[in-house]
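Scroll down for the structure; my scribbles are underneath it.
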Protein chains: 2
Amino acid sequence: MGLAKTEEFTLEQNELAAMAKALGHPARIAILQFLIRKQSCICGDIVEELPLSQSTVSQHLMELKRVGLIQGSISGPRICYCIDPKAWLRLKQSLTNLLDSFQDPACC
Amino acid sequence: MGLAKTEEFTLEQNELAAMAKALGHPARIAILQFLIRKQSCICGDIVEELPLSQSTVSQHLMELKRVGLIQGSISGPRICYCIDPKAWLRLKQSLTNLLDSFQDPACC
DNA sequence: AACCTTTATCGTAATATTACGATAAAGGAT
DNA sequence: ATCCTTTATCGTAATATTACGATAAAGGTT
């Protein structure tokens, strides 16, 4: 098979997993960190910053955009990317919710 | 190609990405939530809980173990799994570090 | 219109992930 | 010793991801 059985899990589990999956590549972590540092920037700036080709960076950007973590606005021939504040907050909340629900008990 | 260029990124970026990737599947989110709820439990309990075959659950457990998020201890013929508190804390810190570094500025 | 810049998309190849059944391995129980 | 239970691993098939170069598309500039 190879197709994740998403329909068997809750919406929350799927959403969190999708976001986490989007964070699951060092290039995308680097892109997000760069966007945070720069507030917003042109796609080309990211391509310059990363050790990857333009097409690969574009794919990573699409991946981040697909789950809603970033948004791009057209500005002439270039596209300005930035983090979507609402999606970022939602990610933060559901991650915090998961991470804080574990309270360091003795292990088995 | 198809092989992630991990060597081009920092250790921190790679570590966080690896952890996030491990969270990037609803079944693994469900496993972690179950482990948190139960504190610790037998592999078989997880298999019962999830809508996946025993072998698939075992693979997901191996994935979580590979990045260190959970640990298993042998107890007779069964294996008791639980969350690794230290790894959990590290994950929490590096995620919080990333998530908190973004301060809702105006987008482009 | 012809050109340049910028970014997305296509095509392709390599690798990784996901899932399952079947089998092996490890350890108790009879 | 022979079983039964429990979990890992193997084998396999389908799908997804990653990366790149090449090309297309979109929008300025001359």
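Predicted model only: the values in this text are computed from it and were never measured. Naming convention: chains lettered A, B, ... in sequence-line order (proteins, then strands); numbering from 1 in each chain.
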How close or far is atom C1' of D:dT18 from atom CD1 of A:Ile29, stated in whole angstroms?
-> 16 Å
Rounded to whole Å, the CD-P distance (A:Glu63 to D:dA19) equals 12 Å
So, is A:Lys5 close to the C:dC20 phosphate, meaning a side-chain N or O under 4.0 Å from OP1 or OP2?
-> yes
Between C:dA19 and B:His25, is there an OP1 or OP2 to side-chain N/O distance shorter than 4.0 Å?
-> yes
Ranking A:Arg66 and A:Ser75 by the position along DNA chain D of their nearest nucleotide, the one closer to 5' is A:Arg66
Could you give the NE2-to-P distance, from A:His60 to D:dT18, as a whole number of Å?
-> 6 Å
Across all strands shown, which nucleotide pairs with C:dA22 by Watson-Crick or G-U wobble geometry, both distances under 3.5 Å?
-> D:dT9
Under 4.0 Å between a side-chain N/O of A:Lys21 and OP1 or OP2 of D:dA16, yes or no?
-> no
B:Arg78 side chain N/O closer than 4.0 Å to the phosphate oxygens (OP1, OP2) of C:dA26?
-> no
Is there a side-chain contact between B:Leu52 and B:His60 (heavy atoms, below 4.5 Å)?
-> yes
Among the nucleotides D:dT15, D:dG28, C:dT18, which one has an atom lying closest to any side-chain atom of B:Arg28?
-> C:dT18
With distance as the sole criterion, do the side chain of B:Ser55 and the base of C:dG21 form a donor-acceptor contact below 3.5 Å?
-> yes
Applying side-chain hydrogen bond (donor to acceptor under 3.5 Å, both in side chains), which residue pairs with at least one partner in residues 70-80 of chain B are found, sequence neighbours left out?
-> B:Gln71-B:Asp84
Could you state the atom-to-atom distance from CG of A:Leu3 to C1' of C:dC20 in whole Å?
-> 14 Å
Nearest-angstrom distance from the residue atom CD1 of B:Ile31 to C1' of D:dT7 = 14 Å
Starting from P on D:dG27, measure out to CD1 on A:Ile42 and report it in whole angstrom.
-> 15 Å
With the side chain defined as heavy atoms from C-beta on, B:Met62 is closest, among D:dT9, C:dT7, D:dC20, to D:dT9
If only side-chain N and O atoms of B:Tyr81 are considered, is one of them under 4.0 Å from the OP1 or OP2 phosphate oxygen of D:dT6?
-> no
note: B:Leu23, atom CG; C:dT17, atom P; distance rounded to Å ~ 15 Å
Using the rule that two of Ile, Leu, Val, Met, Phe, Trp, Tyr join whenever any of their side-chain heavy atoms come within less than 4.5 Å, decide whether B:Leu99 and A:Ile83 are in one cluster.
-> yes
Among the nucleotides C:dA8, C:dG27, D:dT7, whichever has the atom closest to the side chain of B:Pro77 is C:dG27
Distance-only, no hydrogens or angles: does the A:Asp104 side chain make a donor-acceptor pair with backbone N or O of B:Pro85 under 3.5 Å?
-> no
Which nucleotide in the list C:dT7, D:dC20, C:dT18 gets nearest to the side chain of A:Gln59?
-> D:dC20
Using whole Å, report how far CD1 of B:Ile79 lies from P of C:dG28.
-> 12 Å
Mind checking B:Leu52 for me? I need base, sugar-phosphate or nothing, with any heavy atom below 4.0 Å counting as a touch.
-> sugar-phosphate
Using atom types as modelled and distance alone, determine if a side-chain donor or acceptor of A:Ser58 lies under 3.5 Å from a backbone N or O of A:Gln54.
-> no
Among the nucleotides C:dT15, D:dA22, C:dC20, whichever has the atom closest to the side chain of A:Gln54 is D:dA22
Would you please confirm or rule out a distance under 4.0 Å between OP1 or OP2 of C:dT18 and any side-chain N or O of B:Thr56?
-> no
Got a salt bridge between A:Glu49 and A:Arg37, using NZ or NE/NH1/NH2 to carboxylate O under 4.0 Å?
-> yes
